[in-house]
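In what follows, every chain begins at residue 1, and chains take the letters A, B, ... in the order their sequences are listed. When reading the values below, keep in mind they use all heavy atoms of this one structure, side chains included, and skip hydrogens, waters and symmetry mates.
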Number of protein chains: 2
Amino acid sequence: MPATVTRPTKSEATAARIIAAARHLFVARTYADVTTDMIARAADVTKGGLYHHFTSKEQLYVTMMLDDLEDKRVLFAQAVASPGTARERLAGLTRDFLELPREERELTRLVRRDVNTFSGEEREQLVRAYQRALPERVQEIIEDGIRDGELAPGDSRILSWSFVALVEVVIGDYADRIYGTTEARLGHVVDLFFDGAATQPAGGTT
Amino acid sequence: MPATVTRPTKSEATAARIIAAARHLFVARTYADVTTDMIARAADVTKGGLYHHFTSKEQLYVTMMLDDLEDKRVLFAQAVASPGTARERLAGLTRDFLELPREERELTRLVRRDVNTFSGEEREQLVRAYQRALPERVQEIIEDGIRDGELAPGDSRILSWSFVALVEVVIGDYADRIYGTTEARLGHVVDLFFDGAATQPAGGTT
DNA sequence: TCACATACCGACCGACCGGTCGGTATGAGA
DNA sequence: TCTCATACCGACCGGTCGGTCGGTATGTGA
């Protein structure tokens, strides 16, 4: 009867509550340290209720992560599609990231942290979803930048991973204690990546 | 009777065997996924024998990590103390790192991965030992570089973490599939950190 | 050779945890 | 109002794993 876009049923609402509780717990503790009981209690259901909606702890975790990474992929794809120089677009992507609520930022690091816990198909799914959400989006911008002569030629895969690594430094707990503003973090990451830390362009390391 | 430097007793040799086995397993699997039984079997002792030398699984892990991080601290301190420009010294430190056997390289990442598993004193110990081994050593060189005008002024703490993050990208599994040589990795990290990825020094991100 | 400490064994314990299952509550359609 | 599906409960199970403990082997000093 309502609008064409279905409103969430009670069942969907419960599942969403469970996922939210799981997300909250998984970012704070290790996968193995979070028990299904903890998740159920935090979501105000019993373990039986939890297993009514999810077939296993692994499946719950993977579902939660895939949902979130798909949201991120969409978010970052917008930054990729926006106009401007590579520098401006990477700054935009980074700003989108930095302006996410803290928990959503931290979620990104879960894959890197927990990926060893899984194996086979689940592991592949998680890795692929992560790559699709972040490094591959960054890589697109970097390849445009190289093509336009804005960035020096180089392996765009490693460059994008490097950029992502810099971003993840600046979203971490440690940086939280140092940076006051999003602008400061943003400027730091983008400036360092584009211009480097040296005062003069020297070169010839080895 | 032997030289003044004592030769390892049988007991010390067993403890070392256990630590080596633990190291090997902990780098490959998560802390929680490695059982004391696995470690004992890999070290060719029983669980009882393991608990004769270590009081708990946690203590074994922490001992192993602290030992290793202290070795690394000494190694990197040499790079800090060596002569040359900041660029040369950071390149030297990175080369020392990259030339370590694979398992020793990966060990560095364990703290970041497993630190959430512990709490209280153990957690503090691990974090401090890691900082002392790597980021603080890098920070020393960076501060010299800023003082000498070789590096642009900036927060040396964040700069050192950024450099370490770049190094860790380049020692990871992903980079293993891309880079052929240590020289290529080394050049990439140091050049990116000092000179940036842009062709021309632009600026003004925000 | 006796005494004692230290190294090590391996069966066992108890707690915990993922997952199940028989059952109840709720609500919608006939 | 009867029926049936779906949502959910909570006691329970099977297995695992960190840790223990009584015992044996080994070697060393007296």
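Salt-bridge check for D176(B) with R185(B): passed, with a basic side-chain N closer than 4.0 Å to an acidic carboxylate O. Between R102(A) and D173(A) there is a salt bridge, since at least one side-chain N of the basic residue sits less than 4.0 Å from a carboxylate O of the acidic one. A salt bridge links R87(A) to D195(A): at least one charged side-chain nitrogen sits closer than 4.0 Å to a carboxylate oxygen. Ionic pairing of R23(B) and E104(B) is present here: one or more N-O contacts between side-chain nitrogen and carboxylate oxygen are shorter than 4.0 angstrom.
Atoms CG and OG1, from L25(A) and T36(A) in turn, are 11.5 Å apart once rounded to the nearest 0.5 Å.
Using a 4.0 Å cut-off, no side-chain N or O of T36(B) falls inside it from OP1 or OP2 of dG19(D). For the OP1/OP2 pair of dC8(C) and a distance below 4.0 Å, the side-chain nitrogens and oxygens of T14(B) include at least one atom meeting the criterion.
To the nearest angstrom, P of dC12(C) lies 15 Å from CG of D37(B). Rounded to whole Å, the distance from CG on D33(B) to P on dC17(C) is 15 Å. In this structure, the OH atom of Y61(B) is 20 Å from the C1' atom of dG19(D), given to the nearest Å. Put simply, CZ on R41(A) is 13 Å from P on dC9(D), counting in whole angstrom units. Here dC17(C) presents its C1' atom at 15 Å from CG of L25(A), a figure rounded to the nearest Å. Computed from coordinates, the R29(B) CZ to dC17(D) P distance equals 10 Å when rounded to whole Å.
Taking the six-membered ring where the residue is Trp, Y61(A) and F26(A) present perpendicular rings, their angle passing 60° and hence far from 30°.
Within residues 43-59 of chain A, the residues approached by DNA chain C to less than 4.0 Å at the level of any non-hydrogen atom are K47(A), Y51(A), S56(A), K57(A), in residue-number order.
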